[in-house]
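Atoms considered below: every heavy atom in the structure, side chains included; atoms not considered: hydrogens, waters and symmetry mates.
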Amino acid sequence: MTQSAVVHNDFVIPLIDFSLFLNGAPKERVETAKAILDGFRKAGFVYLRNLPMSPSERQHVFETSAKFFSLPLEEKKRLAMPSIQSNRGYNATGQEKLNEGLPDIKESLHIGRENDPEYTNIWPSEAGQLIGFKKTIGDFYDFCGNIAIEVMRAIALGLEIDEKYFDSFMSFGDHKLRLLHYPHVERSVFKSGSGQVRAGEHTDYGAVTLLFQDGRGGLQVKTPAGDFVNASPIENTVVVNAGDLLARWSNDVIKSTVHRVVEPPMVEGEVYPARYSIAFFANPNEKSYIDAIPGTFATEAEKKYKGTTSGDYYLERLNATY
(Lines give C-alpha, C1' and ligand atoms only; values in the text may rest on other atoms or scores of the structure.)
Protein backbone atom coordinates (compact mmCIF):
# COMPACT_ATOMS: atom_id res chain seq x y z
CA MET A 1 0.00 0.00 0.00
CA THR A 2 1.34 3.42 -0.97
CA GLN A 3 1.12 6.36 1.41
CA SER A 4 2.52 9.88 1.22
CA ALA A 5 5.77 10.93 2.90
CA VAL A 6 5.72 14.53 1.65
CA VAL A 7 2.77 16.53 0.36
CA HIS A 8 3.00 20.13 -0.83
CA ASN A 9 0.16 21.32 -3.05
CA ASP A 10 0.32 18.93 -6.03
CA PHE A 11 3.83 17.71 -5.19
CA VAL A 12 3.86 14.29 -3.52
CA ILE A 13 6.72 11.99 -2.49
CA PRO A 14 5.25 8.53 -1.87
CA LEU A 15 6.01 6.23 1.06
CA ILE A 16 6.15 2.68 -0.27
CA ASP A 17 6.35 -0.71 1.44
CA PHE A 18 9.36 -2.20 -0.32
CA SER A 19 8.83 -5.65 1.21
CA LEU A 20 5.89 -6.08 -1.17
CA PHE A 21 8.33 -5.89 -4.06
CA LEU A 22 10.98 -8.04 -2.44
CA ASN A 23 8.68 -10.76 -1.11
CA GLY A 24 5.18 -10.11 -2.43
CA ALA A 25 2.96 -12.02 -4.82
CA PRO A 26 3.38 -11.20 -8.54
CA LYS A 27 0.53 -8.67 -8.52
CA GLU A 28 1.92 -6.94 -5.41
CA ARG A 29 5.38 -6.76 -6.99
CA VAL A 30 4.02 -5.14 -10.16
CA GLU A 31 1.89 -2.66 -8.22
CA THR A 32 4.85 -1.71 -6.01
CA ALA A 33 7.12 -1.32 -9.03
CA LYS A 34 4.57 0.94 -10.72
CA ALA A 35 4.32 3.05 -7.55
CA ILE A 36 8.13 3.42 -7.40
CA LEU A 37 8.35 4.40 -11.06
CA ASP A 38 5.47 6.84 -10.63
CA GLY A 39 7.30 8.50 -7.73
CA PHE A 40 10.42 8.87 -9.84
CA ARG A 41 8.43 10.18 -12.81
CA LYS A 42 6.60 12.85 -10.82
CA ALA A 43 8.90 13.78 -7.93
CA GLY A 44 12.24 12.11 -8.55
CA PHE A 45 12.04 10.83 -4.95
CA VAL A 46 10.42 8.00 -3.02
CA TYR A 47 10.60 6.81 0.58
CA LEU A 48 10.91 3.05 1.07
CA ARG A 49 10.00 1.26 4.29
CA ASN A 50 10.33 -2.35 5.46
CA LEU A 51 13.82 -2.94 4.11
CA PRO A 52 15.46 -6.19 5.26
CA MET A 53 17.44 -4.44 7.99
CA SER A 54 16.55 -4.23 11.66
CA PRO A 55 16.46 -0.90 13.54
CA SER A 56 19.33 -2.10 15.74
CA GLU A 57 21.49 -2.95 12.71
CA ARG A 58 20.79 0.47 11.25
CA GLN A 59 21.62 2.17 14.54
CA HIS A 60 24.90 0.26 14.75
CA VAL A 61 25.97 1.56 11.33
CA PHE A 62 25.18 5.15 12.36
CA GLU A 63 27.04 4.75 15.65
CA THR A 64 30.04 3.35 13.79
CA SER A 65 30.01 6.31 11.41
CA ALA A 66 29.82 8.78 14.31
CA LYS A 67 32.83 7.14 15.96
CA PHE A 68 34.91 7.82 12.87
CA PHE A 69 33.96 11.49 12.76
CA SER A 70 34.81 11.86 16.46
CA LEU A 71 38.49 11.23 15.63
CA PRO A 72 40.86 14.22 15.81
CA LEU A 73 40.91 16.22 12.59
CA GLU A 74 44.58 15.54 11.91
CA GLU A 75 43.96 11.81 12.13
CA LYS A 76 41.08 12.05 9.66
CA LYS A 77 43.15 14.20 7.31
CA ARG A 78 45.68 11.38 7.01
CA LEU A 79 42.92 9.56 5.12
CA ALA A 80 42.42 12.43 2.66
CA MET A 81 41.11 11.64 -0.80
CA PRO A 82 44.20 11.34 -3.03
CA SER A 83 42.45 12.27 -6.28
CA ILE A 84 39.07 13.13 -7.71
CA GLN A 85 39.33 10.05 -9.92
CA SER A 86 39.60 7.71 -6.93
CA ASN A 87 36.66 9.33 -5.11
CA ARG A 88 37.73 7.49 -1.97
CA GLY A 89 38.89 8.84 1.36
CA TYR A 90 38.16 11.76 3.64
CA ASN A 91 36.97 15.26 2.77
CA ALA A 92 37.15 17.90 5.47
CA THR A 93 34.53 20.57 6.09
CA GLY A 94 34.61 23.23 3.39
CA GLN A 95 36.27 21.14 0.67
CA GLU A 96 33.11 20.47 -1.29
CA LYS A 97 30.95 23.13 -2.89
CA LEU A 98 27.82 21.82 -4.56
CA ASN A 99 26.79 25.12 -6.13
CA GLU A 100 28.31 28.54 -6.67
CA GLY A 101 27.62 29.69 -3.14
CA LEU A 102 29.62 29.14 0.03
CA PRO A 103 31.38 25.83 0.75
CA ASP A 104 29.22 23.16 2.36
CA ILE A 105 29.35 22.66 6.12
CA LYS A 106 29.98 18.94 6.19
CA GLU A 107 32.74 16.34 6.29
CA SER A 108 32.63 12.94 4.66
CA LEU A 109 34.32 9.59 4.18
CA HIS A 110 33.95 7.94 0.76
CA ILE A 111 34.07 4.15 0.26
CA GLY A 112 34.07 2.28 -3.07
CA ARG A 113 34.07 -1.38 -3.97
CA GLU A 114 36.89 -3.38 -2.42
CA ASN A 115 37.89 -5.33 -5.54
CA ASP A 116 38.47 -2.34 -7.79
CA PRO A 117 41.58 -3.06 -9.92
CA GLU A 118 42.70 0.57 -10.00
CA TYR A 119 41.72 2.29 -6.75
CA THR A 120 41.77 1.12 -3.14
CA ASN A 121 39.66 2.21 -0.22
CA ILE A 122 41.30 4.28 2.49
CA TRP A 123 40.22 2.77 5.79
CA PRO A 124 40.97 4.16 9.27
CA SER A 125 43.15 2.11 11.58
CA GLU A 126 41.29 -0.64 13.40
CA ALA A 127 42.06 0.43 16.94
CA GLY A 128 40.10 1.49 20.00
CA GLN A 129 36.55 2.51 19.19
CA LEU A 130 37.08 1.75 15.48
CA ILE A 131 37.69 -1.98 15.88
CA GLY A 132 35.26 -3.60 13.45
CA PHE A 133 34.77 -0.40 11.42
CA LYS A 134 35.76 -1.94 8.07
CA LYS A 135 33.48 -4.95 8.46
CA THR A 136 30.48 -2.89 9.60
CA ILE A 137 30.79 -0.33 6.82
CA GLY A 138 31.82 -2.91 4.22
CA ASP A 139 28.81 -5.09 5.03
CA PHE A 140 26.55 -2.05 4.80
CA TYR A 141 28.04 -1.20 1.40
CA ASP A 142 27.13 -4.70 0.19
CA PHE A 143 23.63 -4.41 1.68
CA CYS A 144 23.04 -1.11 -0.11
CA GLY A 145 24.34 -2.55 -3.38
CA ASN A 146 21.79 -5.35 -3.18
CA ILE A 147 18.96 -2.91 -2.39
CA ALA A 148 20.01 -0.70 -5.31
CA ILE A 149 19.81 -3.66 -7.70
CA GLU A 150 16.29 -4.39 -6.44
CA VAL A 151 15.28 -0.74 -6.92
CA MET A 152 16.57 -0.88 -10.49
CA ARG A 153 14.63 -4.10 -11.03
CA ALA A 154 11.50 -2.34 -9.77
CA ILE A 155 12.12 0.47 -12.26
CA ALA A 156 12.51 -2.05 -15.08
CA LEU A 157 9.32 -3.85 -14.08
CA GLY A 158 7.52 -0.51 -13.90
CA LEU A 159 8.77 0.33 -17.40
CA GLU A 160 7.48 -3.04 -18.59
CA ILE A 161 10.86 -4.25 -19.80
CA ASP A 162 12.85 -7.28 -18.66
CA GLU A 163 13.05 -7.03 -14.88
CA LYS A 164 16.77 -7.84 -14.99
CA TYR A 165 17.56 -5.37 -17.78
CA PHE A 166 19.83 -3.29 -15.53
CA ASP A 167 21.59 -6.23 -13.83
CA SER A 168 24.49 -6.42 -16.28
CA PHE A 169 25.02 -2.65 -16.03
CA MET A 170 25.29 -2.83 -12.23
CA SER A 171 27.18 -6.14 -11.94
CA PHE A 172 30.57 -4.81 -10.76
CA GLY A 173 29.15 -2.54 -8.10
CA ASP A 174 30.98 0.65 -9.07
CA HIS A 175 29.09 2.48 -6.36
CA LYS A 176 30.15 4.96 -3.68
CA LEU A 177 29.13 4.96 -0.04
CA ARG A 178 29.48 8.31 1.67
CA LEU A 179 29.39 8.68 5.44
CA LEU A 180 28.37 12.26 6.22
CA HIS A 181 28.69 14.43 9.31
CA TYR A 182 27.23 17.92 9.43
CA PRO A 183 28.85 19.52 12.52
CA HIS A 184 26.86 21.54 15.02
CA VAL A 185 26.45 25.13 13.83
CA GLU A 186 25.74 28.36 15.66
CA ARG A 187 22.32 29.71 14.75
CA SER A 188 23.89 33.02 13.75
CA VAL A 189 25.70 31.34 10.81
CA PHE A 190 22.40 30.62 9.07
CA LYS A 191 20.75 33.87 10.11
CA SER A 192 23.57 36.11 8.85
CA GLY A 193 22.02 36.59 5.42
CA SER A 194 25.01 34.98 3.68
CA GLY A 195 22.94 32.17 2.20
CA GLN A 196 25.00 29.53 4.04
CA VAL A 197 23.56 26.01 4.00
CA ARG A 198 24.85 22.65 5.13
CA ALA A 199 24.85 21.29 1.55
CA GLY A 200 24.03 23.46 -1.44
CA GLU A 201 21.40 22.89 -4.10
CA HIS A 202 22.32 20.00 -6.36
CA THR A 203 21.20 16.94 -8.21
CA ASP A 204 22.96 13.61 -7.83
CA TYR A 205 25.05 12.25 -10.67
CA GLY A 206 24.41 8.55 -10.93
CA ALA A 207 21.53 6.11 -11.23
CA VAL A 208 19.86 6.14 -7.80
CA THR A 209 20.88 7.37 -4.36
CA LEU A 210 19.87 5.64 -1.14
CA LEU A 211 19.86 8.19 1.69
CA PHE A 212 19.68 7.05 5.30
CA GLN A 213 18.92 9.98 7.62
CA ASP A 214 19.14 10.41 11.36
CA GLY A 215 16.26 12.19 13.10
CA ARG A 216 17.58 15.76 12.84
CA GLY A 217 16.10 16.80 9.50
CA GLY A 218 17.22 19.48 7.08
CA LEU A 219 16.84 17.71 3.73
CA GLN A 220 14.74 19.75 1.31
CA VAL A 221 13.48 18.90 -2.17
CA LYS A 222 12.64 21.43 -4.87
CA THR A 223 9.17 21.21 -6.40
CA PRO A 224 8.41 21.98 -10.07
CA ALA A 225 6.94 25.28 -8.85
CA GLY A 226 10.33 26.25 -7.38
CA ASP A 227 9.46 25.79 -3.69
CA PHE A 228 11.76 23.88 -1.36
CA VAL A 229 9.83 21.48 0.89
CA ASN A 230 11.08 19.49 3.87
CA ALA A 231 11.77 15.81 3.22
CA SER A 232 11.61 15.06 6.92
CA PRO A 233 13.04 11.85 8.38
CA ILE A 234 10.65 8.95 8.81
CA GLU A 235 11.97 6.33 11.19
CA ASN A 236 13.48 3.21 9.59
CA THR A 237 12.94 4.33 6.01
CA VAL A 238 15.37 5.11 3.23
CA VAL A 239 14.89 8.07 0.90
CA VAL A 240 15.67 7.10 -2.69
CA ASN A 241 16.15 9.64 -5.45
CA ALA A 242 16.94 9.32 -9.12
CA GLY A 243 20.20 10.79 -10.37
CA ASP A 244 21.08 12.69 -13.51
CA LEU A 245 22.44 9.62 -15.29
CA LEU A 246 19.19 7.71 -14.76
CA ALA A 247 17.18 10.69 -16.01
CA ARG A 248 19.38 10.77 -19.10
CA TRP A 249 19.20 6.98 -19.44
CA SER A 250 15.39 7.11 -19.29
CA ASN A 251 15.20 9.86 -21.93
CA ASP A 252 13.84 12.14 -19.16
CA VAL A 253 10.93 9.82 -18.34
CA ILE A 254 12.40 9.83 -14.82
CA LYS A 255 13.22 13.08 -13.01
CA SER A 256 16.44 14.01 -11.25
CA THR A 257 15.30 16.58 -8.71
CA VAL A 258 17.24 19.40 -7.06
CA HIS A 259 17.68 19.06 -3.30
CA ARG A 260 19.75 20.58 -0.52
CA VAL A 261 20.45 20.34 3.23
CA VAL A 262 19.64 23.38 5.35
CA GLU A 263 19.31 24.02 9.05
CA PRO A 264 16.78 21.63 10.62
CA PRO A 265 13.29 22.85 11.49
CA MET A 266 14.05 22.94 15.23
CA VAL A 267 16.96 24.49 17.11
CA GLU A 268 18.17 23.79 20.64
CA GLY A 269 19.05 27.20 22.04
CA GLU A 270 21.52 29.02 19.81
CA VAL A 271 23.09 25.91 18.30
CA TYR A 272 21.86 23.58 15.57
CA PRO A 273 23.02 20.09 16.64
CA ALA A 274 25.11 17.80 14.47
CA ARG A 275 23.42 15.78 11.75
CA TYR A 276 24.52 12.41 10.42
CA SER A 277 23.44 10.75 7.21
CA ILE A 278 24.71 8.00 4.94
CA ALA A 279 24.33 8.22 1.17
CA PHE A 280 24.85 5.31 -1.20
CA PHE A 281 25.35 6.44 -4.78
CA ALA A 282 24.48 3.51 -7.03
CA ASN A 283 26.14 3.76 -10.42
CA PRO A 284 26.38 1.56 -13.49
CA ASN A 285 29.74 -0.11 -14.10
CA GLU A 286 32.22 2.57 -15.17
CA LYS A 287 32.65 1.10 -18.66
CA SER A 288 28.93 0.58 -19.25
CA TYR A 289 27.64 2.39 -22.31
CA ILE A 290 24.54 4.36 -21.36
CA ASP A 291 21.99 4.96 -24.10
CA ALA A 292 18.23 5.48 -23.95
CA ILE A 293 16.37 2.59 -22.29
CA PRO A 294 14.14 0.57 -24.64
CA GLY A 295 10.57 1.81 -24.53
CA THR A 296 11.51 5.42 -23.66
CA PHE A 297 11.69 6.41 -27.33
CA ALA A 298 9.96 5.35 -30.54
CA THR A 299 12.60 6.43 -33.07
CA GLU A 300 16.29 7.30 -32.89
CA ALA A 301 15.37 10.94 -33.49
CA GLU A 302 13.47 10.94 -30.16
CA LYS A 303 16.60 10.20 -28.15
CA LYS A 304 17.46 13.41 -26.27
CA TYR A 305 21.06 12.55 -25.41
CA LYS A 306 24.11 11.00 -27.00
CA GLY A 307 25.37 7.78 -25.51
CA THR A 308 28.22 7.93 -22.98
CA THR A 309 30.05 5.62 -20.63
CA SER A 310 29.08 5.81 -17.00
CA GLY A 311 32.67 6.50 -15.89
CA ASP A 312 33.22 9.38 -18.29
CA TYR A 313 29.97 11.02 -17.26
CA TYR A 314 30.65 10.60 -13.55
CA LEU A 315 34.18 12.00 -13.74
CA GLU A 316 32.98 15.01 -15.68
CA ARG A 317 30.49 15.79 -12.94
CA LEU A 318 33.03 15.23 -10.13
CA ASN A 319 35.48 17.65 -11.70
CA ALA A 320 32.83 20.36 -11.46
CA THR A 321 32.23 19.69 -7.75
CA TYR A 322 35.71 20.02 -6.20
Side-chain angles (χ1 to χ4, degrees), residues 1-7 11-55 57-58 139-175 204 206-212 231 234-243 245-257 280-285 288 290-298 310:
M1 181 178 178
T2 301
Q3 300 173 309
S4 297
V6 177
V7 179
F11 181 79
V12 177
I13 299 178
L15 171 61
I16 298 167
D17 184 347
F18 198 49
S19 69
L20 296 177
F21 178 77
L22 296 176
N23 306 309
K27 182 180 178 181
E28 291 175 318
R29 296 187 75 248
V30 171
E31 289 175 349
T32 306
K34 293 288 186 183
I36 290 171
L37 179 62
D38 191 57
F40 286 143
R41 282 180 186 268
K42 295 177 179 177
F45 275 77
V46 299
Y47 282 61
L48 300 180
R49 62 185 177 91
N50 289 335
L51 271 63
M53 182 182 211
S54 70
E57 290 171 327
R58 178 182 174 126
D139 287 351
F140 187 65
Y141 181 101
D142 293 340
F143 168 81
C144 290
N146 290 332
I147 293 298
I149 287 174
E150 295 296 342
V151 171
M152 297 300 290
R153 288 176 178 173
I155 291 169
L157 192 58
L159 288 169
E160 299 180 356
I161 59 175
D162 181 355
E163 181 179 328
K164 295 186 177 181
Y165 174 81
F166 296 109
D167 282 16
S168 63
F169 291 92
M170 312 289 282
S171 58
F172 292 162
D174 279 329
H175 315 305
D204 292 343
V208 293
T209 301
L210 312 180
L211 178 66
F212 298 82
I234 297 177
E235 191 172 5
N236 296 321
T237 65
V238 60
V239 179
V240 186
N241 64 282
L245 189 59
L246 182 57
R248 179 186 181 122
W249 206 352
S250 73
N251 214 32
D252 286 339
V253 168
I254 290 170
K255 290 184 178 180
S256 178
T257 303
F280 184 82
F281 300 98
N283 304 306
N285 306 328
S288 291
I290 305 302
D291 203 358
I293 299 166
T296 63
F297 62 97
S310 175

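Contact annotation: the side chain of Val240 never approaches that of Ile36 to less than 4.5 Å [non-hydrogen atoms, C-beta and beyond]. Residues Phe212 and Cys144 are in side-chain contact: their nearest non-hydrogen atoms beyond the backbone lie under 4.5 Å apart. Using a 4.5 Å heavy-atom cutoff, the side chains of Pro14 and Asp38 are not in contact. A 4.5 Å side-chain heavy-atom check between Val238 and Ile147 finds every atom pair outside the cut-off. Residues Pro52 and Phe143 form a side-chain contact, since some pair of their non-hydrogen atoms from C-beta on lies under 4.5 Å apart. Using a 4.5 Å heavy-atom cutoff, the side chains of Thr32 and Leu157 are not in contact. Looking at Val151 and Val46, their side chains never come closer than 4.5 Å, going by heavy atoms from C-beta outward. A 4.5 Å side-chain heavy-atom check between Ile254 and Leu37 finds at least one atom pair inside the cut-off.
Distance CD1/Ile16 to CG/Asn50: 12.0 Å, rounded to 0.5 Å. We find the CE-CG distance between Met170 and Asn146 to be 11.0 Å, quoted to the nearest 0.5 Å. Distance check, rounded to the nearest 0.5 Å: CZ of Phe281 to CG of Leu245 gives 14.0 Å. Remark: Gln3 CD to Asp17 CG distance equals 9.0 Å, nearest 0.5 Å. Here the CZ atom belonging to Arg41 is positioned 7.5 Å from the NZ atom belonging to Lys34, to the nearest 0.5 angstrom. The CG atom of Leu48 sits 10.5 Å away from atom OG of Ser19, with the distance rounded to the nearest 0.5 Å.
In this structure, Phe280 and Tyr141 have perpendicular ring planes: the angle between them is above 60°, well past the 30° mark.
Neither side chain, Asn285 nor Ser310, offers a donor N or O lying under 3.5 Å from an acceptor on the other.
Under the side chain to side chain donor-acceptor pair (under 3.5 Å) criterion, Asn236 pairs with no residue at all, not counting sequence neighbours. Residues satisfying the side chain to side chain donor-acceptor pair (under 3.5 Å) test with Asn251, not counting sequence neighbours, are none. Residues passing the side chain to side chain donor-acceptor pair (under 3.5 Å) test with Asn283, sequence neighbours excluded: none.
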Under the side chain to side chain contact (heavy atoms under 4.5 Å, CB included) criterion, do Asn241 and Thr257 qualify, and how do the steps go? CA-CA 8 Å; Asn241 64 282; Thr257 303; over 6 Å; no
Just do the side chain to side chain contact (heavy atoms under 4.5 Å, CB included) check on Ile155 and Leu246 with the steps written out, would you? CA-CA 10 Å; Ile155 291 169; Leu246 182 57; 3.8 Å; yes
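For the residue pair Phe166 and Met152, the shortest heavy atom distance occurs at CD1-O, 3.3 Å. The heavy-atom pair separating Gly243 from Ser256 by the smallest distance is C-OG, 3.4 Å. Considering all non-hydrogen atoms of both residues, Ala148 and Ala282 come closest at CB-CB, 3.6 Å.
Side-chain atoms of Lys255 come within 3.5 Å of backbone N or O of Lys42 as a donor-acceptor pair. Asp162 places a side-chain N or O within 3.5 Å of a backbone atom of Lys164 that can act as its donor or acceptor partner. Side chain of Arg58 to backbone of Thr237: a donor-acceptor contact under 3.5 angstrom is found.
Evaluation of the ring pair (Phe, Tyr, Trp, His ring centres under 6.0 Å) test over residues 23-52, restricted to residues two or more places apart or in two chains, returns Phe45-His259. Identified under the ring pair (Phe, Tyr, Trp, His ring centres under 6.0 Å) test for residues 18-37, with sequence neighbours left out: Phe18-Phe21. Here side chain to side chain donor-acceptor pair (under 3.5 Å) pairs that include residues 22-31, with residues two or more places apart or in two chains, are Arg29-Glu163.
At most 12 non-hydrogen atoms from other residues, nucleotides or ligands lie less than 6.0 angstrom from CZ of Phe172.
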